[in-house]
Amino acid sequence: MPSTPDPVKGAPDWLPPDSAAFDAVEGAFLETARLGGYERVRTPVFEHTEVFARAVGESTDVVQKEMYTFADKGGRSLTLRPEATAGIVRAALSAGVPRSGSLPVKYAYAGDCFRYERPQAGRQRSFSQVDIEALGSDDPVLDAEVVLLGWEALRRAGLPAQALTLRLNTLGDPEDRPAYHQVLNAYLDTVDDLPPDVQARQRTNPLRAFDSKAPRMSEVMADAPLLADHVSESAKAHHARVVELLEAEGLPLTHDPRLVRGLDYYTRTTFEYQAAGLGAQNAVGGGGRYDGLAQVLGWGERFPGIGWALGVDRTVLALTGSGTLPPPRPRVAVFVVVAAPELAGEALSLVSALRGAGVATDLGFDGRSVKAQFKVADRAGAARVVILGPDEVARGVLTVKDLATGEQREIARTDATRELVGP
RNA sequence: GUGGCCGUAGCUCAGUCCGGUUAGAGCGCCGCGUUGUGGUCGCGGAGGUCGCGGGUUCGAUCCCCGUCGGUCACCCCA
């Protein structure tokens, strides 16, 4: 017995009517980016593995256990992107953008990313996000703009403000890290029952101790020295300016000194948007500044940047949970009922002419009864049905029925496009 | 990678605890009630290897073991 293949674990399909919600959310995000002057970029879904290993960081979970890495037939190690920023920055560097254009450049991106994780509510192995990246400026005004745009994008997608939380933190500069790591490790060494995973991270990236959700660790970390208290004066001033600007805009900021993102490239400003009604995975978006990323990727000079990623799937989920999904639009405006099978060719010509005039139009197939075709028209959400039968053809007319009112009239065949355009 | 819960019609589920002749419901789908007319209503119909494999039994959707899949959570992130 032949059997159809199952979908790949964690790789969701989007079919109607759900796909309409997906498009609406992605569209709202991209439109917000466009209004902010961000231009669309596309980069490949795979990169050389080292792009992510270096950018995201060897010590991260993403690189250590979540990447789809494979060798191509030329023996290159390639990886399906687990996130978009690294590839976009790499593309900008490949094109010599730091030396060629007026800065900052503003990029927007939409597409799928891939991480090998156990799926759960709001988390899939193949997921879709929209990113914006502003490259080539370390102006705190830019930080504020980016954070603000993310908020507006989520609002435009339909999430009510009261369902959203915005968490903000600063991670300082890379140069601030070694001294702080010493302070933090000294503190952690005073704790005698550290969980093994935290002990392991102490060497590679002690900041990740803040990530641990072990009950014991929440007590421990409550008293831990905070990075925000050990950053340079310029980073502090930068953060203060960002906060000042965002508060002036009335954004409901939550200061979270323990917000440590799981990607190593973040510096200074980091933030996360959380939505209600999502289950355990409640972040619908996040981002931050990554002033050291270009250099990690081998660029010889400083090339700062900042951006966010918003989860499309997760936002659809949040909208579903809060019952604020917009109703899907009708599939077509006009439906042509073919009252006799031999008129199918004539019907196709009519449909084609209507489409040419910008009217979304479908027609009946399979020689089904007029009654059955009307049902299809109704389900398609058509406002009007055009009946094409032997009688109409003989007299050079069309019968047009308004499905909402039930009114029916005849029009001349030659007037079809003019009569059927519009409401 | 670890753990809880769950796999019965296209979908949502009942039945399984106390194994027993043709496995049910609602929705959806198809047709009929109009000889060319939808949404309501009525009637009829199609559709199921009860996830898969093995075991116990006279007999398994039901009990046992294994396996695969789904789901939620941990870890972590969008």
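Excluded from the calculations below are hydrogen atoms, water molecules and symmetry mates; all remaining heavy atoms, backbone and side chain alike, are included. Proteins get letters first, then strands, A, B, ... in listed order; numbering begins at 1 in each.
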Under 3.5 Å, which donor-acceptor pairs link side chains of residues 13-27 of chain A to any protein atom two or more places apart or in another chain?
none

Open item on the list: Tell me if the side-chain of Q64(A) makes a donor-acceptor pair with the base of C76(B), cut-off 3.5 Å, by modelled atom types.
Closed with: no

TODO: Record whether the side chain of D378(A) comes under 3.5 Å of the base of G38(B) through a donor-acceptor pair of N or O atoms.
DONE: yes

Open item on the list: Given the structure, check if the side chain of Q274(A) and the base of A78(B) hold any donor-acceptor pair shorter than 3.5 Å.
Closed with: no

- [ ] Find the distance R379(A):CZ to G28(B):C1' and express it as a whole number of Å.
- [x] 9 Å

Task: NZ/NE/NH1/NH2 to OD/OE distance under 4.0 Å, R395(A) and E410(A) - done: yes

Open item on the list: I need the CZ-C1' distance between F374(A) and G39(B), as an integer number of Å.
Closed with: 11 Å

- [ ] Would you classify Q120(A) as touching base, sugar-phosphate or nothing, given that sugar-phosphate means primed atoms plus P, OP1 and OP2, and contacts are heavy atoms under 4.0 Å?
- [x] base

- [ ] Round to the nearest Å and state the distance from Y109(A) atom OH to A78(B) atom C1'.
- [x] 11 Å

- [ ] May I ask you to verify whether the side chain of Q408(A) and the base of U37(B) hold a donor-acceptor pair under 3.5 Å?
- [x] yes

Task: Most 5' of L388(A) and A372(A) on RNA chain B, judged by nearest nucleotide - done: A372(A)

Open item on the list: Looking at R123(A) and C76(B), is any side-chain donor or acceptor paired with a base atom of the opposite kind under 3.5 Å?
Closed with: yes

Task: Protein-nucleotide distance (K9(A), atom NZ; U71(B), atom P), rounded to Å - done: 7 Å

TODO: Classify the side chain of K371(A) and the base of U37(B) as holding, or not holding, a donor-acceptor pair under 3.5 Å.
DONE: no

Open item on the list: Please name the nucleotide paired to C63(B) by Watson-Crick or G-U wobble geometry with both distances under 3.5 Å, or report none.
Closed with: G55(B)

TODO: With a 3.5 angstrom cut-off on both distances, give the Watson-Crick or G-U wobble partner of G1(B), or none if there isn't one.
DONE: C74(B)

Task: Any strand: nucleotide that pairs with G28(B) via Watson-Crick or wobble, under 3.5 Å - done: none

Task: Reference residue L350(A); test side chain to side chain contact (heavy atoms under 4.5 Å, CB included); the match among T417(A), L420(A), V386(A) - done: V386(A)

Open item on the list: Rounded to whole Å, how long is the line connecting atom CZ of F127(A) with atom P of A78(B)?
Closed with: 8 Å

Task: Distance-only side-chain donor-acceptor flag, D143(A) / H238(A), under 3.5 Å - done: yes

